[in-house]
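No hydrogens, no waters, no symmetry mates; every other heavy atom, side chains included, goes into these values. For this chain, numbers begin at 1 and follow the sequence in order. None of these values were measured; they are calculated from a predicted model.
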Amino acid sequence: MDRDGDHLVAFNNEAGRSAAEELPAGVSLHTVTCYGNLHEATATVGHSAGDGAGSPLAEASVATELGLPGSNCCPSKAPATPASALNWLAS
């Protein structure tokens with residue numbers, strides 16, 4: 001994930017099925033040969049063009065920006081359950 005969208009790296013023998021059955025619209029699919037290295041391929045995608053360019057977003061920093069539980073941001077407003085988190089984010 002980066003500020004420009006979501007990315008998925010998959011082996012090329014699974015990419016077609018993943019795209020057809022599992023991948024939501026707007027997710028960029030990147031493929032690797034079946035003998036390739038997913039870790040290396042993943043390191044090359046998911047880099048935002050703006051602030052912090054050149055590195056993927058850290059989950060903790062995204063949680064802090066969104067004020068999610070455990071992020072030390074807005075603890076009094078943080079929702080207690082996943083359902084309330086979705087409602088809170090939508091408000």
Original post:
Is there a side-chain contact between Thr31 and Phe11 (heavy atoms, below 4.5 Å)?
Top reply: no
**OP:** Any chance you could measure His30, atom NE2, to Leu38, atom CG, to the nearest 0.5 Å?
**Re:** 12.5 Å
Original post:
How far does CG of Leu29 sit from CD of Glu14, to the nearest 0.5 angstrom?
Top reply: 11.0 Å
Original post:
Just how far is it from atom CG of Leu8 to atom OG of Ser18, taken to the nearest 0.5 Å?
Top reply: 6.0 Å
Original post:
Where is the tightest heavy-atom contact between Ala10 and Ala15, given as atom of each residue plus distance?
Top reply: CB-CA, 4.5 Å
Original post:
Side-chain contact, heavy-atom cut-off 4.5 Å: Val32 with Asn12?
Top reply: no
**OP:** Apply side chain to side chain contact (heavy atoms under 4.5 Å, CB included) to Asn13 and Cys34, showing your working.
**Re:** CA-CA 6 Å; Asn13 60 334; Cys34 60; 4.1 Å; yes
